[in-house]
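Just so you know, ligand 1 is whichever comes first in the structure, and atom 1 is the first atom listed for that ligand. Atoms considered below: every heavy atom in the structure, side chains included; atoms not considered: hydrogens, waters and symmetry mates.
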Amino acid sequence: MSKSWGNRLAWLPKLNRPVPEGMNNPLEIAAFEAETYFQSGNSGKSVFFELYPAMKEAYAIRKDGDGYVISGGQTGVLYGVYTLIRGIEAGETLPEGTQKPYYPLRMINCWDNMDGTVERGYAGRSIWFENGRFDYDPARIRQMGRMLASVGINVLCINNVNVHQPAQHLLDTLLPEVEEFAAILRPFGVRLMLSVDFSMPLQNGLSTADPEDVQVQDWWKAQAQKIWKCVPDLAGFLVKADSEHRPGPNAYNRTHAQGANMLARAIKPFGGVLVWRAFVYNCLQDWRDTQTDRPRAAYDLYQPLDGCFDENVVLQVKYGPFDFQVREPVSPLLYAMPKTPLALEFQLAQEYTGHQIDLFAMPPLWREVLDQMGKEKVCAVAAVSNLGRDGNWFGHPFAALNLFAFGLYGWNPDADPQKVIAAWVRNTYTLPASQQDTLASVLLGSRKTYEKYTAPLGLCWMVRPESHYGPSPYGYEFQAWGTYNRADCRGVGIDRTEKGTGYACQYPKEWAEVFASPQACPDELLLFFHRLPYSFRMKDGRTLIQRIYDDHFEGCREAENMQEALKTLSLPEPDREEALQRMDQQVQNAREWRDVINTFFRRFSGIEDEKGRKIYD
Ligand code: GCU
């Protein structure tokens, strides 16, 4: 549990007056923010607003004498003010012309359970649920709305995709409370979404949840009517079905299109969007079975359904075919559904990426994903939340960067990671320029460093089972989750080319060819696509085993260097203490990874490190 910051925002500390309760109009809030920022020591510049409701989320900023004019829609002017302030803090030039978001839906998925726990949450308990009900400080929710608006995020799904009791009551008895919660966030342009359980009709007196059953269809329509009457701007439903033991249409021999469309039709009259997750695979696999290959699953299931989904269905696809690993190839499904609206799913919660203890700035990863797939393949972005009840919202004060950056990528998927990271640093801390650069460069390199000391060359899943923090190279090897590396004394990895599981053939030709050849395949993904001997020669002439050793030694050394760099920064307290304390843990973690993985591979390969560094027996 981190120390309290009171109710401080995670960035833009100069917005140091809370938005007053009852200030429910975005325009009024925009004026309040401008006044707070410009009157408190920022030269008293004036900001004028021109409201054009039809512009909705869009805005334009122009200089006017000594001040600024922001024209835009209701939410647009608010976004405009935040962009102006962020830009000044970051020392950027004003954006020219009308600004509008590239993706209309920019969603945060909270995996908050109603008992107050957060699935894969690393920043404390839920901010709004406790003991099976809503329990929150409205002032804190307003602060959260402000943070989301300040980076242009417009949808918040408030409950876990794994809908546990009593979250189903969010759709009935708890609706008035959902409405109260929605009302706090509405002025910030944030609409709520709810995760729903596909089997709900069964819990409500029906004998089936079959999507083709008229009674089931009518039941959902009646629910939708009640729900949208209470929360007229609810964004929609999010559904995890037939995945990791969640109920779904398969139980009735119905397709995912039939399941999704049934729900989509129920909520369509109210403008609701049905977000259906594509994270579906066989989680009861036998490790002896080398034919079933988990990364193939989503494509095999959904690609034949392209064109079968209603227009208010959005299929939400994780960026990689596995599950938010440090490095995965882009999911082939993202290329294969041209007739289906898609959302790209990221995970801000650092489940496999360091638990918000180790530093892992995500913009470089997103840049690669968006570049490889093409930003136009999806119409929406979603990210699993990294927020929690901890004083600083994120557990690690620097983990705030990932939420901040996610918002910016929703507006501009072409954003340069370096600039986004620098903007977050400057929006968060007042430090001498050289220190800002130091922090930004530590963050920029953090993903690469984490990758080096953890999972080699795209292997994935060498984490400790369940917790997913720390090394356990064989932890997932004989389990049912389809997560194998098949390391032995001859080599490591899985052949996913045509000669193997055929996964690589799911890609468009140009990528399929690249991945099919160990010589052409990017090093980072080599062992994702190929099974290779330890003596395999990499592009730079090193052997595979030497590269594994080198990466682990280097990654660990880099973590130690990061620690030294952070010590030189005059960060404010309690951030400094928290960041340094977590950095100590990170260095311990990096050493453990280095030693465990290197020992694991040396035992199998019997090959010594060329450089004679310490590898344990
Ligand atoms: C991961 C994670 C689960 C989560 C799942 C999902 O597998 O470990 O906790 O439920 O992703 O995305 O639904």
Quiz item: Would you say D323 has any N or O atom under 3.5 Å from an N or O of ligand 1, going by distance alone?
Solution: yes
Quiz item: Can R277 be said to touch ligand 1, with heavy atoms closer than 4.0 Å?
Solution: yes
Quiz prompt | ligand 1 to E345 polar contact by distance, N or O atoms, under 3.5 Å | solution = no
Exercise. Applying side-chain contact (heavy atoms from CB on, under 4.5 Å) between Q316 and each of L342, V161, L238, L105, report the one that passes.
Key: L238
Practice problem: Report the residue from T454, T353, N589 that forms a side chain to side chain donor-acceptor pair (under 3.5 Å) with D358. | Solution: N589
Quiz item: Only one of D213, D210, N261, D242 clears side chain to side chain donor-acceptor pair (under 3.5 Å) with R254; which?
Solution: D210
Quiz prompt | Ring centre gap for F600 and Y474 strictly below 6.0 Å | solution = yes
Self-check item: Closest approach of any protein heavy atom to atom 9 (O) of ligand 1, naming residue and atom
Solution: E119 OE2, 2.5 Å
Quiz item: Do we get R140 above W393's six-membered ring, with its NZ or CZ under 6.0 Å from the centre and within 45° of the axis?
Solution: yes
Self-check item: ligand 1 contact on N162 by region, counting heavy-atom pairs under 4.0 Å
Solution: side chain
Practice problem: May I ask you to list the atoms of ligand 1 that are less than 4.0 angstrom from any heavy atom of W111? | Solution: 4 (C), 5 (C), 6 (C), 11 (O), 12 (O)
Practice problem: Would you confirm whether the ring centroid of W228 sits within less than 6.0 angstrom of the ring centroid of F270? | Solution: yes
Practice problem: Find all atoms of ligand 1 within a distance of less than 4.0 Å from any non-hydrogen atom belonging to E351, and give their numbers and elements. | Solution: 1 (C), 2 (C), 8 (O)
